[in-house]
Each structure stands twice: as structure tokens, then as C-alpha cells.
Colleague: 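Here you go, one structure.
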Amino acid sequence: MIRHTVVFRLKHAPGSDAERDFLRAASELTKINGVQKFECLRQISAKNNFTFGLSMEFADNTDYAHYNDHPDHTAFVQGRWIPEVAEFMEIDYVPHDLV
């Protein structure tokens, strides 16, 4: 399993129609085969300047690669993410055995 996460801050005013439209567009990524457990999250820590997070899971590297290369994902990145996101950090996780 791979958990793909990203925290970000938009260029849009908080609570604006543009902000809501961006988040709705991001939720459309759930239509890509292989996306599981999608969440759109509001970041509340005062320890950083990010305002939102996206989290999703993939069964394996094949599903994750399919998502990354999918035309809907690449169109979202080019058409929405790059022009509308002010700052972000992406982190991808796999389970780790502690034993």
C-alpha cells in the first residue's frame, strides 16, 4: 500500500468560490482507477502555513504509477495545481514494520 499525501496553500482567498471550485476539482481525481480512501482535509496546525491536505491510497506501485500518468491527473496538475497552488509539500508513505 502507498499513501500519497500533499499539504498546500492556495493563492485564492479563504472561503472564496475559487477555493471551493479548486477543492471540488481535486475531488474529481477519485474517478481515476486505483484511487482509494481519498480525503480532502483542512490543516489546522499553527506550526506551518499550509491550509489544506489531500490524502489517498493505492494498492501498489502499479496503481500509483497509473494515477500519476493518467491524463486526468496530468491535466489537473497543469491546468489547476500549477497556476492555483502557492506552496506545497508532497509525502508518500508505505507501511513500515517496527519489528
Colleague: Taking the six-membered ring for Trp, are the ring centroids of Phe76 and Phe22 within less than 6.0 Å of each other?
Modeller: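 Yes; Phe22 has its ring centre under 6.0 Å from that of Phe76.
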Colleague: Measure across Met1 and Pro95 and return the closest heavy-atom pair with its distance rounded to 0.1 Å.
Modeller: O-CD, 3.2 Å
Colleague: Minimum heavy-atom separation for Val35 and Leu29, please, with both atom names.
Modeller: CG2-O, 3.5 Å
Colleague: For the residue pair Asn49 / Glu87, report whether a side-chain donor-acceptor contact shorter than 3.5 Å exists.
Modeller: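 Per modelled atom types, Glu87 and Asn49 side chains form no pair under 3.5 Å.
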Colleague: With sequence neighbours left out, write down each residue that passes side-chain hydrogen bond (donor to acceptor under 3.5 Å, both in side chains) with Glu28, or none if nothing qualifies.
Modeller: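 Applying side-chain hydrogen bond (donor to acceptor under 3.5 Å, both in side chains) to Glu28 gives Lys31.
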Colleague: Which pair of heavy atoms, one from Leu54 and one from Ala26, lies closest together, and at what distance?
Modeller: CD1-CB, 4.1 Å
Colleague: So, does Gln78 use its side chain to make a donor-acceptor pair with the main chain of Thr74 at under 3.5 Å?
Modeller: no
Colleague: Would you say that Ile2 contacts Asp60 through its side chain, given a criterion of any heavy-atom pair below 4.5 Å between the two side chains?
Modeller: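 No; the side chains remain at least 4.5 Å from each other.
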Colleague: Is any side-chain heavy atom of Leu41 closer than 4.5 Å to one of Gln43?
Modeller: no
Colleague: With rounding to the nearest 0.5 Å, note down the distance linking CG in Asp63 to CE in Met56.
Modeller: 12.5 Å
Colleague: Walk me through it: do Thr5 and Arg3 pass the test side chain to side chain contact (heavy atoms under 4.5 Å, CB included)?
Modeller: CA-CA 6 Å; Thr5 64; Arg3 182 171 297 130; 3.8 Å; yes
Colleague: Apply side-chain hydrogen bond (donor to acceptor under 3.5 Å, both in side chains) to His70 and list each qualifying residue two or more places apart in sequence or on a separate chain.
Modeller: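 Listed in chain order: nothing, the list is empty.
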Colleague: Decide whether His4 and Glu57 meet the rule of one side-chain donor and one side-chain acceptor closer than 3.5 Å.
Modeller: no
Colleague: Taking side chain as C-beta onward, heavy atoms only, is Lys37 less than 4.5 Å from Ser55?
Modeller: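 Sidechains of Ser55 and Lys37: no contact.
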Colleague: If we count only N and O atoms by modelled type, under 3.5 Å, do the side chains of Tyr67 and Asn33 hold a donor and an acceptor together?
Modeller: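 Judged by distance alone, the side chains do not pair up.
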Colleague: Could you tell me whether Phe58 and Tyr64 have their ring centroids closer than 6.0 angstrom?
Modeller: yes
Colleague: Members other than Ile91 in its cluster, when Ile, Leu, Val, Met, Phe, Trp, Tyr link by side-chain heavy atoms under 4.5 Å?
Modeller: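 Members besides Ile91, by chain and number: Val7, Phe50, Met89, Tyr93.
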Colleague: Which heavy atom of His12 sits nearest a heavy atom of Ser16, and at what distance?
Modeller: CB-OG, 3.7 Å
Colleague: Just so I know, are the side chains of Asn68 and His73 near enough to count as touching, which here means a heavy-atom distance under 4.5 Å?
Modeller: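 Asn68 vs His73: side chains touch.
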Colleague: Does the side chain of Phe52 come within less than 4.5 Å of Arg42's, by heavy atoms?
Modeller: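 The answer is yes, as the side chains (C-beta and beyond) meet within the 4.5 Å cut-off.
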Colleague: Tell me, with the steps shown, if Arg80 and Asp21 meet side chain to side chain contact (heavy atoms under 4.5 Å, CB included).
Modeller: CA-CA 10 Å; Arg80 302 298 303 260; Asp21 186 57; 3.0 Å; yes
